[in-house]
Amino acid sequence: MTDLRQEVQRRRSFAIISHPDAGKTTLTEKLLLYGGAIHMAGSVKARRASRHATSDWMELEQKRGISVTSSVLQFSYAGKEINLLDTPGHKDFSEDPYRTLAAADCAVMLIDCAKGVEPPTRKLFEVCRRRGIPIFTFINKMDRHGHDPLDLLAELEEILGIRSCPINWPVGMGKDFKGVYDRHQKVMALFDADASHGETAIEAHKLAVDDPELARLLGRGAHEKLVEDLELLDVAGDPFDLDRILDGRLTPVFFGSALTNFGVQLFLDAFVDMAPPPATRISTIGPIEPDSETFSGVVFKIQANMNPAHRDRIAFLRICSGRFERGMDVYHPRLGRSITLADAHQFMAQERRHIAEAFAGDIVGLYDTGLFRIGDSLVKNGPNDLTYAELRTFSPEHFARIQVSKVLRRKQLDKGLHHLCQEGAIQLFRDFDAGMVEPIVGAVGILQFDVLKFRLEAEYNVDVTFKPLPFACARWVKGEGFDPHAFQRRETTACVYDLYDRPVLLMRNEWALQWLKDDHKGIEFLAFAPD
Ligand code: G4P
């Protein structure tokens, strides 16, 4: 039998955070190329186009030019098993990227050298920061003209408040881009724009900084500037410090050009060296070691209709500790009973393969026949009350009543709303006194309404309109003697119930919340849904 500890130590799970167009798809593809999971670049993009045929709802992704879904990709590199969690980059989209980050052990922040740090990246960065996970920075598109590299480092510090340590350093950019100097290996990797047009993996040509051949190839000016820059970084920059990197206080920085493959392998080699294996996770019963004999995991994403031909739902489970085996019986604390995990999948781009075994750090897809909700924990050989609370429902900030244009489609609407709510695409509420006459939907980002409308039409054949509500703040409430009538104030506060019959107050703004808090001292106002 495989050694549990060894297998867990080989796992690396990360997510890429970036702004749309920074090159996430391109970098992902190149990582797969170097990981040997694909042999010719273009496959991910090609698949992106052909996915159209198999799953309608991704049309939206195409129309919008954004990535609506998070997929999970697996590949091996240098003896490590890598799980790459893809996060949608649009600022308005949803909670999905936040949950995905909660399932990852570290993040790669991808920055376009011409754009610098953009606001949505900042939001995602803050989520990583709060979790204290390591953040690797890849500054992309060096084959194009962009900001000065020193200015980009200053931006990391000024905008994100994180110190940086360049692992490699670029010489020139745009049409003058000559390559990067690896400060660890003390060699220059030369850029050859014509080498492969980025389709196949390339080996960089490497030379030491004091090699006369390098001075000749770079030209005197560029070589002198490199020597000066390196001295400046040695004196004024932060020294390499793996402990500070691992607790998220220092970000190692890499420069490259994903499109032409340049710098991708240098990055991947350093990344697998530095990135941490799965860490101890905090559960409701205390810390759980990843290589413990207790199997535990948490559902961080549910995706319905990945393949409309089968109408299936997949629950993505992050294994937090122990070993997963096909057919195992696990305890489902929320349901209060055991279930059998008969079948599980891992994902390679849009392909799935059945798996027999997986370990802490891995993400597996489980067929969901309605047993799972986001945030559900599963456990075996451990206490039945072991759960992970970090993936709870986030408080929505946009609300609307949903109306169906053809009354006869009402049943379909209810079915669709239930599914999409369980999946975490939206949150669904009902009036406390009028039931589901006109359901209320809540979203973290406004674009979720567009996604909802599109998916209801495409998957449930229901045409809906939204009537926006004047609320911007929601709190789950707990407390003795809570009376919904006392909170019903037209236009400023409404009491509703969520899908699981927990009372929620919707308020116009934070002021209204403060006012309610002052008035109702015995009641707790929670920003996350209680378990
Ligand atoms: P995303 O997933 O983050 O949204 O970005 P994506 O990889 O789709 O890349 C966005 C655009 O940036 C693409 O161009 C891509 O080719 C380009 N790109 C990515 N990495 C680099 C790089 O290192 N250098 C340069 N010069 N460009 C890069 P596009 O014209 O929008 O799409 P396409 O026609 O190339 O597919």
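Residue numbers count from 1 along this sequence. Atoms within each ligand, like the ligands themselves, are counted from 1 in listed order.
When heavy-atom distances to ligand 1 are checked against a 4.0 Å cut-off, Arg144 comes that close only through its side chain, counted from C-beta outward. Of the heavy atoms in Thr25, both backbone and side-chain atoms come closer than 4.0 Å to ligand 1.
For ligand 1, the polar-atom distance check finds an N/O of Ala258 within less than 3.5 Å of one of the ligand's N/O atoms. Where the criterion is an N or O separation shorter than 3.5 Å, residue side chain and backbone included, Asp21 meets it with respect to ligand 1. Checked by distance only, ligand 1 and Asn140 come closer than 3.5 Å through their nitrogen or oxygen atoms. Between Met142 and ligand 1, no pair of N/O atoms sits closer than 3.5 Å.
A donor-acceptor pair under 3.5 Å is absent between the side-chain atoms of Asp211 and the main chain of Ala208, judged by distance alone. No donor-acceptor distance shorter than 3.5 angstrom exists from the side chain of Ser257 to the backbone of Met142, with no hydrogens or angles considered.
Those atoms of ligand 1 with a heavy atom of Lys24 less than 4.0 angstrom away are 1 (P), 2 (O), 3 (O), 5 (O), 7 (O). Each of the following atoms of ligand 1 lies closer than 4.0 Å to a heavy atom of Ser257: 23 (O). Interface of Pro20 with ligand 1, defined as ligand atoms under 4.0 Å from a residue heavy atom, comprises 4 (O).
Under a 4.0 Å N-O distance rule, the pair Arg318/Asp105 qualifies as a salt bridge. Remark: Lys206 does not engage Asp182 in a salt bridge, criterion side-chain N to carboxylate O under 4.0 Å. A salt bridge is absent between Glu228 and Lys225; no separation between the charged side-chain nitrogens and carboxylate oxygens falls under 4.0 Å. Classification of Arg249 and Asp241 as a salt-bridged pair fails, no side-chain N sitting under 4.0 Å from a carboxylate O.
If you run ring-ring contact (aromatic ring centres under 6.0 Å, His included) between Phe262 and each of Phe255, Tyr34, Phe177, Phe254, only Phe177 comes through.
Around atom 27 (N) of ligand 1, the closest heavy atom drawn from Thr28, Asn261, Leu259 belongs to Leu259.
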